[in-house]
Amino acid sequence: MLSIENIEVTYHHTVQALRGLSLEVPEGKIVTLLGTNGAGKSTTLKAASNLLAMENGHVGEGRISFRGESVFGITPDKLVQRGLFHVREGRRIFSEMTVEDNLIAAAYALDGRGVKPDYDKVYAFFPRLKERKSQIAGYLSGGEQQMLAFGRAMVAQPSMILMDEPSLGLAPKIVEEIFATIRRLNAEDGVSILLVEQNAGVAFSVADYGYIMESGQIVMEGPVDKLRDDKDIRSFYLGVATEGTARESFRDIKHYKRRKRWLS
Ligand SMILES: Nc1ncnc2c1ncn2[C@@H]1O[C@H](COP(=O)(O)OP(=O)(O)O)[C@@H](O)[C@H]1O
Ligand SMILES: [Mg+2]
């Protein structure tokens, strides 16, 4: 459904953010992309939804296709109309507009598709948004703003959603509610999801397959059941103490182990 092949991305023609990155999101699946701050997760999503140009970012090499068609040359709003919706980092909503108007504004995505927006469905998934539909979005709590950002994606009736760190800064209970909705939208409507997270625990609770990235590259991938049992992932991403010492990076663990093997 979404296929990213070997892309190189630079910002301002100087900062290299992605180095030969490839990943695949099959239709109807939830795939997670994990990595720490600055790894290149948001850049990957922005490359897929063609938003890099806005930040003077540039895909130098590689290919990205959505439903078999190259995304390059398709404007971001046209991609939304074709079913690819990007819920950006930091809950971008119209903070001066009401909750309801925020949802209505997302309906442009349905132009020319002959479908009507279904706001009631959003309210059924997120009853809190219904209670607050006449309130100004900027005054909502962080969790409610994330729900609204997600609700705007639902209005657009996408076949695929790119989600950038939906759990960031939210209380566990709210995270649970949002992730239950991700799961439900995938199960009921077959929406494919590429979920960017730093919180591996919650990401693994919904995803089928995962990629781990560091410094612009994928360093590991596999079905979530396998990743969850991996010792290095357990110690670095799931905070399970397996060796006792905190390490700077996931790769350091690997290097450390390799070194240890040579020494022993
Ligand atoms: N607009 C930008 N201009 C220049 N460099 C950027 C820009 N956005 C991101 N970068 C750089 O690209 C790298 C990857 O960033 P990003 O994709 O935001 O990582 P993540 O989402 O994993 O935290 C970082 O080194 C970051 O500093
Ligand atoms: Mg990011």
Side-chain angles (χ1 to χ4, degrees), residues 41-43 45-57 66 71 74-186 188-189 191-197:
K41 305 180 298 299
S42 298
T43 300
L45 297 191
K46 285 186 275 191
S49 59
N50 234 341
L51 289 173
L52 281 175
M54 270 172 38
E55 296 182 28
N56 205 359
F66 175 61
V71 302
I74 307 179
T75 58
D77 52 324
K78 281 273 180 302
L79 279 171
V80 173
Q81 286 166 352
R82 289 181 194 195
L84 182 67
F85 199 101
H86 184 169
V87 180
R88 296 175 67 188
E89 194 170 24
R91 303 158 199 146
R92 287 171 199 237
I93 51 168
F94 298 110
S95 56
E96 263 133 61
M97 285 171 29
T98 64
V99 167
E100 190 168 35
D101 286 345
N102 263 277
L103 295 179
I104 291 169
Y108 80 91
L110 302 175
D111 285 356
R113 281 162 63 183
V115 264
K116 286 215 166 71
D118 187 354
Y119 305 116
D120 288 340
K121 181 171 175 177
V122 177
Y123 293 139
F125 272 63
F126 295 115
R128 280 152 178 269
L129 292 183
K130 187 173 187 181
E131 287 162 25
R132 288 163 176 68
K133 71 178 179 186
S134 312
Q135 292 185 17
I136 299 296
Y139 295 121
L140 298 176
S141 70
E144 289 159 355
Q145 290 187 5
Q146 185 64 58
M147 290 174 194
L148 181 56
F150 193 177
R152 284 173 45 76
M154 284 177 64
V155 168
Q157 297 181 37
S159 50
M160 171 154 204
I161 302 180
L162 311 174
M163 289 205 108
D164 202 343
E165 300 203 40
S167 81
L168 194 69
L170 302 182
K173 211 164 167 279
I174 304 287
V175 171
E176 215 173 276
E177 192 177 336
I178 288 166
F179 276 66
T181 310
I182 294 176
R183 201 185 290 119
R184 185 172 162 198
L185 196 66
N186 170 260
E188 290 179 11
D189 296 354
V191 178
S192 314
I193 292 164
L194 177 55
L195 173 67
V196 156
E197 266 299 336

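The shown structure was predicted, so the numbers you read here are calculated from the model rather than taken from an experiment.
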Practice task
Taking Asp111 for its side chain and Gln81 for its backbone only, find out whether a donor-acceptor pair lies under 3.5 Å.
Solution key: no

Exercise for the section: Look up atom CG in Asp101 and atom CZ in Phe94, then write down how far apart they are to the nearest 0.5 Å. Expected result: 10.5 Å

Handout entry: Stepwise side chain to side chain contact (heavy atoms under 4.5 Å, CB included) test for Leu110 and Lys116
Key = CA-CA 7 Å; Leu110 302 175; Lys116 286 215 166 71; over 6 Å; no

Exercise for the section: Look at the side chain of Gln135 and the backbone N and O of Leu140, then say whether any donor-acceptor pair between them is shorter than 3.5 Å. Expected result: no

Practice task
Applying side chain to side chain contact (heavy atoms under 4.5 Å, CB included), name anything that partners Thr75, two or more places apart in sequence or on another chain.
Solution key: Asp77, Lys78

Practice task
Flag the pair Ile193 / Met160 as yes when at least one side-chain heavy-atom distance between them is below 4.5 Å, and no otherwise.
Solution key: no

Problem - Residues in side chain to side chain contact (heavy atoms under 4.5 Å, CB included) contact with Arg82, at least two apart in sequence or another chain - result: Glu69, Ile74

Practice task
Would you mind reporting whether Leu195 and Ile161 have side-chain heavy atoms less than 4.5 Å apart?
Solution key: no

Practice task
Determine the minimum heavy-atom distance between Leu79 and Ala48, stating which atoms define it.
Solution key: CD1-O, 3.9 Å

Handout entry: Shortest non-hydrogen contact between Leu129 and Val99, atoms and distance
Key = O-CG1, 3.9 Å

Exercise for the section: Among Glu144, Gln146, Glu165, Gln145, find the one that has a side chain to side chain donor-acceptor pair (under 3.5 Å) with Arg91. Expected result: Gln146

Practice task
Please confirm whether the backbone N or O of Ala109 pairs with a side-chain atom of Gln157, one donor and one acceptor, at under 3.5 Å?
Solution key: no

Exercise for the section: Please say whether more than 12 non-hydrogen atoms of neighbouring residues, nucleotides or ligands are located less than 6.0 Å from CD in Glu176. Expected result: no

Exercise for the section: Flag the pair Thr98 / Ile136 as yes when at least one side-chain heavy-atom distance between them is below 4.5 Å, and no otherwise. Expected result: yes

Practice task
Please report the closest heavy-atom contact between Phe126 and Gly151, naming both atoms and the distance.
Solution key: CE1-N, 4.4 Å

Exercise for the section: Please lay out, stage by stage, how Tyr119 and Ile104 fare under the test side chain to side chain contact (heavy atoms under 4.5 Å, CB included). Expected result: CA-CA 8 Å; Tyr119 305 116; Ile104 291 169; 3.6 Å; yes

Handout entry: Donor-acceptor under 3.5 Å (Arg113 side chain, Ala156 main chain)
Key = yes

Exercise for the section: Please check if the side chain of Asp164 supplies one atom and the backbone of Val196 the other of a donor-acceptor pair under 3.5 Å. Expected result: no

Practice task
For the residue pair Phe150 and Met163, establish whether any side-chain heavy-atom pair is separated by less than 4.5 Å.
Solution key: yes

Practice task
Run the numbers on Val155 and Asp118 for side chain to side chain contact (heavy atoms under 4.5 Å, CB included), then give the verdict.
Solution key: CA-CA 6 Å; Val155 168; Asp118 187 354; over 6 Å; no

Completion exercise
Sequence neighbours excluded, the answer for side-chain hydrogen bond (donor to acceptor under 3.5 Å, both in side chains) partners of Lys130 is none

Practice task
Please examine the side chains of Phe66 and Ser49, heavy atoms only from C-beta on, and report whether any two atoms are closer than 4.5 Å.
Solution key: no

Problem - Minimal non-hydrogen separation, Ile93 against Ala137, with atom names - result: CD1-CB, 3.7 Å

Practice task
For side chain to side chain contact (heavy atoms under 4.5 Å, CB included), just list the numbers for Glu89 and Lys41, CA-CA rounded to whole Å, side-chain angles, deciding distance to a tenth of an Å, and then say yes or no.
Solution key: CA-CA 10 Å; Glu89 194 170 24; Lys41 305 180 298 299; over 6 Å; no

Problem - 4.5 Å side-chain heavy-atom contact, Met54 and Lys46 - result: no

Handout entry: Tyr139, OH: over 12 other non-hydrogen atoms inside 6.0 angstrom
Key = no

